[in-house]
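Notes follow once the structure below has been shown.
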Number of protein chains: 2
Amino acid sequence: MATAKALKSPARVRGKKSPRATPAAPAKATPARARKLQSTRVAILESALSHFARRGFEGASTREISQSAGVRHGMIRHIYGSKDELWREVIGFLFERMHAEVPPTADPGNQDDVVYWKKWVRWYIGYSARHPDHGRLMVQQSIMQGPQLEWAAEQFIRSRHLWHFPAIERMKAKKLLPDVDTVCLFFMINAACQMIYVLAPEIKAVDGRDVFDPREIEKHIDAVFATFLR
Amino acid sequence: MATAKALKSPARVRGKKSPRATPAAPAKATPARARKLQSTRVAILESALSHFARRGFEGASTREISQSAGVRHGMIRHIYGSKDELWREVIGFLFERMHAEVPPTADPGNQDDVVYWKKWVRWYIGYSARHPDHGRLMVQQSIMQGPQLEWAAEQFIRSRHLWHFPAIERMKAKKLLPDVDTVCLFFMINAACQMIYVLAPEIKAVDGRDVFDPREIEKHIDAVFATFLR
DNA sequence: TTTGTCGCTATCCAATCGGATAATGAACTC
DNA sequence: GAGTTCATTATCCGATTGGATAGCGACAAA
C-alpha cells in the first residue's frame, strides 16, 4: 500500500536511551560478560555487512543475518533496536575497520606525492580485494537513495574525498596525473581500483578470471599505475 | 531454514507452453488487442527494470512493480509466469534497448581505431547517463551470484567483451592505450564511463554535483579521453 | 548463598511477500 | 448476433518478514 520502505532518517543522537551504541567499553566493566556481548555484536555486524552487501537492505532478512551470526533474530532488536539502526551501525563498522587497516606509513606529510599516491593505490587495491563487500555496500547505499545517504556522506565519505583532493591537484599541476576535473578523476581512480572486485563474479563468469589471485592483483596495481600516472 | 532464495536456473527453453515470450509479434495478428498487451508488457518491463535496479531482486516486490506499471500484480504472473522469469526478461529487454540505441556509425570496419574508440566512448557515456539503471542492474546481477549470472554472461555480456578486445589490443600495440592487461583495461574503461552515473546520488550527496548536467557529461567524456588515450 | 543484572531466546503479531485460482468482460471470429 | 478468446482483475493461500513482549538462566555483586 505504498508504505515508505526506505530507511527512516537517522534521528537518534546516540545517547538517549537507545539499546547502547557501538563504542567498545560499556560503562560497568564486567570483563567476561562484556567481552561476550562484544563478540556477539561483531559477529552480527560482520554477518549483516555480508548480507546487506549481497542482497541490499530490504533483500537481507534479519533472521538470516542472525542465523549466520549464530544467534536468534531477537538479538538484533535487543542490541540494535531496528533493522534501520543495524544498517547504520554496519556502515560505521565498515569505515572503522577500513581506517584500522590503513598502514602507519600513510602520512602524506613529508613524502613525495607520487610515492604517497602509489602507496595509497597499492593499499586500496589490496583492501578492496580483501573486502569486496565494502564497494558492494557503498553501491547499495548510493542506489537506495535514502536519507541515510546524506548521513553517510557527511559522516564518512566527504572527509575521505577532501583528504585526497589536494594531493591529486598538486599531482595534476606537476603533470603527473591527467589534467581533468578533480572529482571526475578521483571517481575514475576509485572505480578503477575497486570495481573489479565488486564485479568479481561477473568477471569470473564472463572471462573465467579469478581477480583475487595475487598475481592478478599485482597486474591490476601495475595497470592502474600505467593508466593514470604519466 | 536456509531456503534457497536465489534465482532458479533458467531451465525454460523459451518455446514450451510458458506464458509467451518477449519477441514482438504474437502468432495471430489481432491488431488492437495485441498492441495493448505489448504496451502493458513494456510498461511492466520498464517498471521492473527501475525497481530491480534500485532495490535488488528480492527487495523489489511484484506488487510495487505492477503498481508503477498501472496494472494489478496478477498480470506479472499471467505474462511472465514468475518473478524469476520477469528478471530474465528484464535483462533481455535491457540489452535489446541498448543495442537499439547503438548509432549506425558504429561500424568499426573501415575507420581508424582511435576514431571508432572515441565515438564509442562518447556514445557509451551518453547511454550510461541516459540509463543509469543499466549499470545498477548489472551490479545487482553480479553481486547476486545466482546461476542466471552465467546465463547473462554467455547470452549478452561475453559477446560484447569479445567485440571490443581486438580493437583495444590493436590500439595497445600502437601505443594509443596503456600497455596493460586487456581484460583489466576494458573493465577500467567501462567503469570510468559508467560508474559515475551509477553512483550519481552519492556524488550529489558528497560533492553536490549533478553529473547528469550536459556540461558535466562533456567534461566527463574529455576526462576519459585524456586519461586513457595517449 | 542470596539476589539482581542482563545477554539471550521463545513466541506471538500484523503486514507483506510470491504465487494460485476463478471469474469478468471487452475485443475478436464466425 | 452468438459464441469464443484472452487480457485483466479480485481474492485467497501459505510462507516469511520486521518487530514486540515476556520471560529464562548464566553470571556477578552482596
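Values reported hereafter were calculated over all heavy atoms of this structure, with side chains retained and with hydrogens, waters and symmetry mates removed. To find a chain, count down the sequence lines: A is the first, B the second, and so on, and within it residues start at 1. Note that the coordinates shown come from a computational prediction; the quantities given were computed from them, not determined experimentally.
- Here the nucleotide nearest the side chain of B:Glu64, chosen from D:dG18, C:dC17, D:dA7, is C:dC17.
- If you take OH of A:Tyr80 and P of D:dG18, they are 16 Å apart, rounded to a whole angstrom.
- Atom CD of A:Gln67 and atom P of C:dA10 are 13 Å apart (whole Å).
- Listed nucleotides: C:dC17, C:dC8, D:dT9. Nearest to the side chain of B:Met75: D:dT9.
- Across D:dT17, D:dT8, C:dG18, the shortest atom-to-atom separation from the side chain of B:Lys83 is found for C:dG18.
- OP1 or OP2 of C:dG19 has not a single side-chain nitrogen or oxygen of B:Thr62 nearer than 4.0 Å.
- At a threshold of 4.0 Å, the pair A:Glu216-A:Lys219 counts as salt-bridged, since one of the basic side-chain nitrogens sits closer than that to a carboxylate oxygen.
- Closest to the A:Arg72 side chain, of the nucleotides D:dG19, C:dT9, D:dG18, is C:dT9.
- What separates CD1 of B:Ile79 from P of D:dA7 is a distance of 8 Å, to the nearest Å.
- Electrostatic pairing of B:Arg55 and B:Glu64 counts as a salt bridge here, judged by a charged N lying under 4.0 Å from a carboxylate O.
- For the pair B:Glu150 and B:Arg158, the salt-bridge criterion is not met [side-chain N within less than 4.0 Å of a carboxylate O].
- The side chain of A:Lys36 contributes no N or O atom lying less than 4.0 Å from OP1 or OP2 of D:dA26.
- Per the geometry, CD1 belonging to B:Ile76 stands 18 Å off P belonging to C:dT21, to the nearest Å.
- Put simply, the side chain of B:His73 and the base of C:dG19 share a donor and an acceptor less than 3.5 Å apart.
- The separation between B:Trp87 atom CH2 and C:dC17 atom P is 17 Å, rounded to whole Å.
- The side chain of B:Arg63 has C:dG19 as its nearest neighbour among C:dG19, D:dT17, C:dT9.
- At whole-Å resolution of the value, CD1 in B:Ile65 and P in C:dC17 are 10 Å apart.
- Picking from D:dT9, D:dG19, C:dG7 the nucleotide with the shortest atom distance to the side chain of A:Ser82 gives D:dG19.
- Ring centroid separation for the pair A:Phe212 and A:His220 does not come in under the 6.0 Å cut-off.
- One atom, CD1 of B:Ile44, and another, P of D:dA7, lie 12 Å apart when rounded to the nearest Å.
- When the P atom of D:dA7 is taken as reference, atom CZ of B:Arg41 falls 9 Å away, rounded to whole Å.
- For the pairing with A:Tyr127, the side-chain hydrogen bond (donor to acceptor under 3.5 Å, both in side chains) check across A:Glu101, A:Gln194, A:His134, A:Arg97 returns one residue only, A:His134.
- Between B:Ser61 and C:dT16, a side-chain N or O to OP1/OP2 separation shorter than 4.0 Å is absent.
- In this structure, the nucleotide among D:dT8, D:dT17, C:dG7 sitting nearest to the side chain of A:His78 is C:dG7.
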